[in-house]
Number of protein chains: 2
Amino acid sequence: MADLLSVAKLAGVSRATAARAFSTPDLVRDTTREKIFHAAQQLAFRPNKVAQQLRLKATQMIGVMVPSLDNPVFAEQLQAMEVAARACGYSLIVTTSEYDASRENDIVEEMLRQRVDGLVLTVAEADKSAVLTQLHQETTPCLLVYNPPGNSGFPSVGVDNQAASEAATRYLITLGHQQIGMVAGPLLQSDRARQRYEGYCLAMQAAGLAPCPLIEMPRHTQADLKSLAPHLHGDNAISALICTNDLLAISLIGELQRAGLSVPDDLSVMGFDGIALGKYVYPSLCTVEQPRADIGRAAIHTMLNMIRGERPVLTPLPYVLRKGESVGAPTTRKTPSGISSRSIA
Amino acid sequence: MADLLSVAKLAGVSRATAARAFSTPDLVRDTTREKIFHAAQQLAFRPNKVAQQLRLKATQMIGVMVPSLDNPVFAEQLQAMEVAARACGYSLIVTTSEYDASRENDIVEEMLRQRVDGLVLTVAEADKSAVLTQLHQETTPCLLVYNPPGNSGFPSVGVDNQAASEAATRYLITLGHQQIGMVAGPLLQSDRARQRYEGYCLAMQAAGLAPCPLIEMPRHTQADLKSLAPHLHGDNAISALICTNDLLAISLIGELQRAGLSVPDDLSVMGFDGIALGKYVYPSLCTVEQPRADIGRAAIHTMLNMIRGERPVLTPLPYVLRKGESVGAPTTRKTPSGISSRSIA
DNA sequence: CTAATTAATGAGATCGATCTCATTTCACCG
DNA sequence: CGGTGAAATGAGATCGATCTCATTAATTAG
């Protein structure tokens, strides 16, 4: 591959001049600039970014880590980040942690070796994260996405999960629901899910209602009706359910329908995140929409500011309560119909 | 940031020895190696990959371009690629073309400047792609994913779209369907969609049935019932529909249900791709599953072979016909019930 | 105990750009 | 036409690693 020096030789100038022709064309006489460009053309010269990066001590690359791209929330956010970064001349190195702390460590270390100009991370648990405490020693700017600001000590872009969850719960209460449950993935692994549960509890208490214990599903993004069945019967049978993410909600609705139950007649189901597909399924998903694209864009622009050395200004992004067919007013009967309960058992 | 030279100084050795301590520890005496490691520790030395890349003329980075991460097919494939690449010590630069040819050009050029060791691309139209014809001049290895091998001249990883589509169509025919339609995004933009349509036509003809003209939806991943309505009535009313991707299928099913139609009783709907969510919705999606994770892994491993200078060996990956509740045998009546047709109009 | 071998280390070039600073070229003016 | 200041160019150092080749230190053999 032709380098700048060979271009310079062919054009009959020094490499300094050749370099200037590209970086600061104004400093080069028109005629020589032409000669240089012509030579570059002939040799199919393509500037070597690696050499630039070494010399300039800046890579114009941002390291991104998300838990998994199998969840559309992260994929859609990443899509927006990529477009925003590219528009500003930056590239993304994309990695997935698979919610694994040791992988998180390796990934961040690798990105620091690569000398990314900044890190945009979504970690499993911001407060307990070993990577993050390590990162405080480093000079590379670091920004969290989705993770609540909390006491990790790093700036964070995202919506106020607790407030959003409160709003969602209040919405259900407004519709007349009193027995409202919340469903999450296993072990309440992510700090986001925990905050959402807290918001739910707060809203319930504020309305004088008793929050139910969290219903845990065996997997993050796939509902399991067995874990839910006990809560659908008896005096305390729930009439509405909030899921900590949309995938969980959609698969739960599917399971309920498969069992012969009607959503929202037998049970109202609400999601969280607002993935695009939720609008298209039937019943359409009622959910709290996080502005994923806005979050992605904001993350990139905030990061670019940090790279420039500015202190990040963070305005929490607004969530939107998206109404949908999966939520309705509670029906009078306390328990689902015979058919329904039979098919669950 | 401490560099190797300062580590060498602190350890009292030359940079050559310091470098060897890391790259080829066996060539360094135990005691000096210890001294060097200790010095590195003290200075919090972290090797600079950029410098390595320049010197070694290899970046251990693979450039990946997909149309959009909003489509789970690409996101899930990327997830697998990332894991596979990392396991082999490679990083991914991820970009999205948004099906835009000029963006495709910019992206590839940028990646070549970055001196990625290889390119893994999914382009809109492999045969007409300007980027690809340009790329033939280059020495950087390039591999296509999902794009049919065709006459682009580049190796390609993916399933045989046409055969898969034939199989899907045959499955519907076996169930007794005779009036089968196919739905695609706008303008049959992607070569994949076109191949799938061809497969459908072949299977129909082989069974002595007349293929219907393609039904085009205004958007790639969102169904629109109006475009479909004409085909649901009259003597030639279709009883089954194949969509060129799962998102289209899922949103179509939602729309049909919303209009009071039953899937599969009034209309069987089949998808294509096999995204994870399809298993969880109700009715569960009958689809042709592309082994996205396998494709991702295979793409990375093939690319690594190409980087090593080997000629790629390509075995087309097997698709799986995933049965689901969205497809059933055709009902006797030729047209949907009165209620249904009313609610469509 | 010295010569021959092998192991360990060091000096310096190299990858491909950019930047500083010195030098040359040019234009303009008295 | 020579002098002056600005514009254009060049020489060489630099970024942080690796690699070749020469040199020195340690081992082994005789």
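Numbers restart at 1 for each chain; the letters A, B, ... are given by sequence-line order, proteins then strands.
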**OP:** Fit a plane to each ring of A/Tyr146 and A/Phe74, take the angle between them on a 0 to 90° scale, and name the class: parallel (under 30°), tilted (30 to 60°) or perpendicular (over 60°).
**Re:** perpendicular
Original post:
Just by modelled atom types, is the A/Asn147 backbone N or O under 3.5 Å from a matching donor or acceptor in the A/Ser156 side chain?
Top reply: yes
Original post:
Counting distance only, does the side-chain N/O of A/Arg194 pair as donor-acceptor with the main-chain N or O of A/Arg192 below 3.5 Å?
Top reply: no
What nucleotide, of [options], holds the atom closest to the side chain of [X]?
{"X": "A/Arg55", "options": "D/dA17, D/dT14, D/dG10", "result": "D/dT14"}
{"X": "B/Arg29", "options": "C/dT9, C/dT18, C/dA17", "result": "C/dT9"}
{"X": "A/Arg20", "options": "D/dT9, C/dT9, C/dG16", "result": "D/dT9"}
{"X": "B/Ala16", "options": "C/dA17, C/dG12, D/dA17", "result": "C/dG12"}

Tell me: [atom1] of [X] to [atom2] of [N], nearest whole Å?
{"X": "B/Leu27", "N": "C/dT6", "atom1": "CG", "atom2": "C1'", "answer": "12 Å"}
{"X": "A/Arg113", "N": "D/dC15", "atom1": "CZ", "atom2": "P", "answer": "21 Å"}
{"X": "B/Leu5", "N": "D/dT14", "atom1": "CG", "atom2": "P", "answer": "12 Å"}
{"X": "B/Leu4", "N": "D/dG16", "atom1": "CG", "atom2": "P", "answer": "11 Å"}
{"X": "A/Ile36", "N": "D/dA8", "atom1": "CD1", "atom2": "C1'", "answer": "11 Å"}
{"X": "B/Asp26", "N": "C/dA8", "atom1": "CG", "atom2": "P", "answer": "9 Å"}
{"X": "A/Gln52", "N": "C/dC19", "atom1": "CD", "atom2": "C1'", "answer": "13 Å"}
{"X": "B/Leu56", "N": "C/dA13", "atom1": "CG", "atom2": "P", "answer": "20 Å"}

Across the strands shown, which category fits [X] at heavy-atom distances under 4.0 angstrom: base, sugar-phosphate, nothing?
{"X": "B/Phe45", "answer": "sugar-phosphate"}
{"X": "B/Leu54", "answer": "base"}
{"X": "B/Val13", "answer": "sugar-phosphate"}

Original post:
Between the base of D/dG16 and the side chain of A/Arg115, is there a donor-acceptor distance below 3.5 Å?
Top reply: no
Subject >> Quiz item: A/Arg46 side-chain donor-acceptor pair to C/dG16 base, under 3.5 Å >> reply: no
Below the 4.0 Å mark, does [N] have OP1 or OP2 next to a side-chain nitrogen or oxygen of [X]?
{"X": "A/Ser14", "N": "D/dA11", "answer": "no"}
{"X": "A/Lys57", "N": "D/dG16", "answer": "yes"}
{"X": "B/Ser23", "N": "D/dA17", "answer": "no"}
{"X": "B/Thr17", "N": "C/dA8", "answer": "no"}

Original post:
Would A/Arg103 and B/Glu82 pass as an ion pair if we require N to O under 4.0 Å?
Top reply: yes
Original post:
With nearest nucleotides of DNA chain C determined for A/Ala19 and B/Gly12 from heavy-atom distances, which residue corresponds to the more 5′ nucleotide?
Top reply: B/Gly12
Subject >> Comparing A/Arg15 and A/Asp30 on DNA chain D - which has the more 5′ nearest nucleotide >> reply: A/Asp30
Subject >> Spatial distance of atom OG1 (A/Thr302) from atom CG (A/Leu144) [nearest 0.5 Å] >> reply: 12.0 Å
**OP:** Assess the side chains of B/Asp100 and B/Ser97: does a donor N or O sit below 3.5 Å from an acceptor N or O?
**Re:** no
